[in-house]
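One structure is given here, and the rest of the page talks about it.
Letters A, B, ... are given to chains in the order of the sequence lines, protein chains preceding strands, and every chain is numbered from 1.
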Protein chains: 2
Amino acid sequence: MQPLLISDSLLVKLKSIGSMRRMAADAVLMNEDDYIQAIPIVLNGSIKVMRTDDDGKEILLYYIKPGESCVMSFLGATCNERSKIKAIVDEPAEILMLPISKAVELIRSAPEWIEFIFQLYNRRFEELLDVINAIAFQKVDERLWELLRKKSEMNKSKELAVTHQQVADELGTAREVVSRLLKQLEKSKKITLSRNKITIL
Amino acid sequence: MQPLLISDSLLVKLKSIGSMRRMAADAVLMNEDDYIQAIPIVLNGSIKVMRTDDDGKEILLYYIKPGESCVMSFLGATCNERSKIKAIVDEPAEILMLPISKAVELIRSAPEWIEFIFQLYNRRFEELLDVINAIAFQKVDERLWELLRKKSEMNKSKELAVTHQQVADELGTAREVVSRLLKQLEKSKKITLSRNKITIL
DNA sequence: GGCTTACCGTAACTTAAGTCACATAGCTAA
DNA sequence: TTAGCTATGTGACTTAAGTTACGGTAAGCC
């Protein structure tokens, strides 16, 4: 996947328009069914985007990384729709909040802005397709292993500070299932387990 | 869901740019990994968009209906990427094929075109989220029943001319499973079954 | 230290779904 | 009309995943 870093010139422009906001881990940036008030651009840290079920179950869709935005919010906002997803701070983040009216104006004045949004839409689209492939065609043990690797790559660390419950939530399954499968991975020497920590070997 | 019919003025403009193409049912408009040569706008009929697995399994993502387009193709095309999905004609269709260069030009010259694309992206995004919800949180019997109702609504007919195998493919499951669940639906008086036909009561 | 809480391990069981095997039924073309 | 194909019905079995239940253990706190 390409970097898709937002261009410096665009970023400067956006900064002059929006307001900065710092958010701690696990803070909820947006909840399902919220009205969308602003477009968030992530400058540091990362945001976890989840889809939730009516009865509380949820599943990880993708991460928003620095230089990216929550595209769902873009069109949702212009149509005054409610959010279809839940966004939670994963790593403590600095987020640039763009008022919607300004973001819409930008479409006229900044062609790079359109370009940026299109690219982002496309990337998110592909990520959703990946999620669909995963849950439709893969078994949980594969998905688990891929999730661990993705997390490790994201944090640039072999040690993941997560509980089994958190992993289970991201996969949309039960904690016991995850514990069982993690144990298998440990037996096959791919990871080691300790409390609140999974180490990839 | 709103109609999102393409505006007349935009349609006239597009028709002057693209070329018409008629396609019979089951014709393949686009295959996974194809390079994208043109942007299709569906004028009549409908297109079925599927995601396929490496080992042949597939699952229905959504339908493209008249006045809509395959947005995946849009950005994919501008980036010279390969298609991530497979598009098959469902009901015999008339399709307007827009050369990519022209479609890109339009972004400058026709603001309604951008608007159109954004709206479409958004709709497709939501549909993918629905698919994710369905496969992550629903059981196959529910998904089956919803698919039947959707098809019935789409064709404006209580009689569906499909085989169990076709339904199974769209749900990404096995024929036997579908036969079994259809039988249950028949027993609970929601449908009647006959060869190549399912009738919703 | 002792208490509490959150986390983890695991056995036992249930259930949904996938798979296999084969029987039968309906259509169609020679 | 009958052979042959495709579609359907169904029982029996396997497997993955979800559920229940409970015991153990590390961490944090008074």
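- Taking CD1 of B:I85 as the reference point, atom CG of B:D34 lies at 9.5 Å (rounded to 0.5 Å).
- Only A:R175, A:E176, A:S179, A:R180, A:K183, listed by number, bring a heavy atom of residues 172-190 of chain A to less than 4.0 angstrom from any atom of DNA chain C.
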Given A:W145 and A:I200, is the side-chain contact (heavy atoms from CB on, under 4.5 Å) satisfied, shown in steps?
CA-CA 10 Å; A:W145 178 235; A:I200 298 189; 4.2 Å; yes

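- Atom P of nucleotide D:dA16 and atom CD1 of A:I135 are separated by 19 Å, given to the nearest angstrom.
- Listed by chain and number, the residues in a side-chain contact (heavy atoms from CB on, under 4.5 Å) with A:E94 are A:M20, A:R22, A:L43, A:N44 (sequence neighbours excluded).
- B:D141 meets the side-chain contact (heavy atoms from CB on, under 4.5 Å) test with B:K139, B:L181; sequence neighbours excluded.
- The side chain of B:H164 contributes an N or O atom lying less than 4.0 Å from OP1 or OP2 of D:dG9.
- Of the residues A:K48, A:E127, A:E91, A:K151, the one that meets the side chain to side chain donor-acceptor pair (under 3.5 Å) test with A:Y63 is A:K151.
- For the pair B:Q166 CD and D:dT6 P, the computed distance is 14 Å after rounding to whole Å.
- Put simply, CG on A:L160 is 17 Å from C1' on C:dC8, counting in whole angstrom units.
- In this pair, B:Y121 and A:F118 present their aromatic rings tilted. The plane angle is within the 30 to 60° band.
- A distance of 8.0 Å separates CD of A:Q37 from CE of A:M30, quoted to the nearest 0.5 Å.
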Summarise protein proximity over nucleotides 23-30 of chain D in one line of letters, 5' to 3': B for base, S for sugar-phosphate only, - for none, counting protein heavy atoms closer than 4.0 Å.
--BBS---

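- Rounding to the nearest 0.5 Å places CD1 of A:I59 at 7.0 Å from CD1 of B:I132.
- Ion pairing of A:K183 with A:E186 is present here, as a side-chain N (NZ or NE/NH1/NH2) and a carboxylate O approach within less than 4.0 Å.
- Considering B:K86, B:E32, B:K57 in turn, B:E32 is the only one that fulfils the side chain to side chain contact (heavy atoms under 4.5 Å, CB included) rule with B:R51.
- Here the C1' atom of nucleotide D:dT8 and the CD atom of B:Q165 are 11 Å apart, to the nearest Å.
- Within residues 136-152 of chain B, the residues having any heavy atom closer than 4.0 Å to DNA chain C are, in order of number, B:K139, B:V140.
- Comparing the local axis fitted to the first five base pairs of the helix from C:dG1-D:dC30 to C:dA30-D:dT1 with the one fitted to its last five gives a bend of 20°, rounded to 10°.
- One can place CG of B:L193 at 13 Å from P of C:dG26, the figure rounded to the nearest angstrom.
- Interatomic distance, A:I17 CD1 to A:W113 CH2, rounded to the nearest 0.5 Å: 8.5 Å.
- B:L60 contributes atom CG, which lies 12.0 Å from atom CD of B:Q166 (distance to the nearest 0.5 angstrom).
- In this structure, the CG atom of A:L171 is 11 Å from the P atom of D:dA17, given to the nearest Å.
- Between the side chain of B:R82 and the backbone N or O of B:D33, at least one donor-acceptor pair lies under 3.5 Å.
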